[in-house]
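Everything on this sheet refers to the single structure shown next.
Only heavy atoms go into these numbers, but all of them, side chains included; no hydrogens, no water, no symmetry mates. Remember, predicted model here, so these are calculated numbers, not experimental data.
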Amino acid sequence: MRKSLCGVVLITTSIVASTALPARGASQFGSTACSGVRPGAIIQAPRGTIYTMGFLFRGTDAKKKTANYVATVGNFVLPTFGTKVYPPKSGPQAYDALGKPIGRFVYALHSETPAFQSFGLVQLDKNIKPNAQVCHFGGPTGVYTGMDVVPQTVSYFGNGFPIDALATARTALTTGAADEDTVWAQGLFSPIDTGDTGAPFLVGGEALGYWDGGIGGGTGGAGFAIARLGPRLTQVQKALKLKLVLQTAKTL
């Protein structure tokens with residue numbers, strides 16, 4: 001069963017198994033600060049509701065116009081269920097950690113049936129200089145498309161209280177990635193605060209997906225659901241008639 005974070009009081013205390021392989025370069029856990037507009041940084045929308053920016057994209061529309069976009073969750077700007085496409089410059093305003101406007105939502109998804117899903121896409125203002133590199137870990141070097149059936153480690157960066165006081169950068173253990181839509185994982189997250197939602201996840205430096213706030217059993221007991229990028233990108237590109245290209249960066 002997969003359900004939303006809202007109204008659930010559940011603390012995941014499981015730490016990555018001792019068999020988990022250490023991340024190359026960057027340490028598996030860290031309290032690195034993350035500022036600016038980049039994967040792992042704080043986003044506010046509406047102002048005062050704090051969550052996490054996902055991966056950065058360069059988008060090209062049907063008229064060959066280009067812009068920068070950052071992915072995150074969409075349920076905070078679309079509290080009702082459904083999908084919303086916002087005309088240019090008319091969507092909900094998004095802000096960075098300091099409350100500075102960074103752009104507007106052009107797409108939001110919020111679903112509870114048959115399972116909780118949330119996805120949002122923000123078109124960044126032209127004056128915003130984003131950084132594609134995931135905080136602490138670096139990357140993404142590309143999109144992860146593997147369908148592994150064996151557990152594997154994933155790296156992620158979130159801002160959920162009170163976990164962020166211990167570690168903003170974290171490593172979790174999945175139950176495999178055989179599902180093209182969702183990957184279940186065990187690791188540290190905050191179910192009592194919105195800050196971790198939208199957090200970007202990496203496998204070996206490649207972009208796997210993001211945490212949309214979905215939790216449940218999966219195939220490995222209580223944990224959280226990582227929404228894979230592929231299906232969400234297919235949906236949003238079709239809805240917006242937009243071609244999105246993941247912006248890459250070197251790992252740390």
Side-chain angles (χ1 to χ4, degrees), residues 1-17 20 29 39-40 42-43 45 49-55 71-83 108-120 144 148-149 151-203 207-232 235:
M1 180 180 180
R2 182 179 174 187
K3 51 191 174 181
S4 73
L5 170 68
C6 183
V8 177
V9 179
L10 170 68
I11 301 292
T12 295
T13 57
S14 58
I15 303 296
V16 178
F29 295 88
I42 287 174
I43 184 172
T49 301
I50 292 173
Y51 40 112
T52 300
M53 298 183 199
F55 297 106
T72 187
V73 291
N75 55 297
F76 299 119
V77 296
L78 185 63
T80 58
F81 302 139
T83 301
L109 164 69
H110 182 193
S111 173
E112 289 280 0
T113 305
F116 178 79
Q117 292 185 40
S118 178
F119 182 69
Y144 182 77
D148 306 81
V149 297
Q152 56 189 332
T153 56
V154 289
S155 303
Y156 59 114
F157 195 104
N159 299 286
F161 176 84
I163 303 299
D164 60 342
L166 173 65
T168 47
R170 310 163 211 161
T171 301
L173 187 66
T174 74
T175 57
D179 190 296
E180 64 181 10
D181 184 83
T182 303
V183 175
W184 291 96
Q186 294 280 337
L188 293 171
F189 73 103
S190 178
I192 59 174
D193 181 73
T194 61
D196 280 338
T197 48
F201 281 76
L202 300 163
V203 174
L208 170 65
Y210 65 101
W211 186 43
D212 64 4
I215 62 174
T219 58
F224 56 89
I226 304 167
R228 299 191 72 154
L229 274 182
R232 278 73 187 173
Q235 288 175 295

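- Between Asp212 and His110, the closest side-chain pair of non-hydrogen atoms is not below 4.5 Å.
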- [ ] Mind running side-chain contact (heavy atoms from CB on, under 4.5 Å) on Arg170 and Val154 for me, showing each step along the way?
- [x] CA-CA 8 Å; Arg170 310 163 211 161; Val154 289; over 6 Å; no

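- A heavy-atom distance below 4.5 Å is found between the side chains of Thr197 and Phe76.
- Within the 3.5 Å criterion, the main-chain N or O of Asp196 finds no donor-acceptor partner in the side chain of Asn159.
- The backbone N or O of Met53 sits nowhere less than 3.5 Å from a side-chain atom of Thr72 that would complete a donor-acceptor pair.
- For Phe55, there are no ring pair (Phe, Tyr, Trp, His ring centres under 6.0 Å) partners, not counting sequence neighbours.
- With values rounded to the nearest 0.5 angstrom, Thr194 atom OG1 is found 12.0 Å from Phe161 atom CZ.
- Between the CG atom in Asp164 and the CD1 atom in Ile42 there is a gap of 7.5 Å [rounded to 0.5 Å].
- For the pair Val73/Tyr210, a side-chain contact is recorded, criterion being any heavy-atom separation below 4.5 Å from C-beta on.
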TODO: For the pair Thr113 and Phe81, evaluate side-chain contact (heavy atoms from CB on, under 4.5 Å) and give the outcome as yes or no after the intermediate values.
DONE: CA-CA 9 Å; Thr113 305; Phe81 302 139; over 6 Å; no

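- A heavy-atom distance below 4.5 Å is found between the side chains of Ser155 and Thr171.
- Between Gly158 and Thr52, the closest heavy-atom pair is CA-OG1, 3.9 Å.
- Separating the CG atom in Leu188 from the OG1 atom in Thr168 is a distance of 11.5 Å, to the nearest 0.5 Å.
- Of the possible donor and acceptor atoms, one in the side chain of Arg232 sits under 3.5 Å from a partner among the backbone N and O of Asp181.
- The aromatic rings of Phe224 and Tyr156 sit tilted, their planes meeting at an angle between 30° and 60°.
- Here the CZ atom belonging to Phe119 is positioned 12.5 Å from the CG atom belonging to Asn75, to the nearest 0.5 angstrom.
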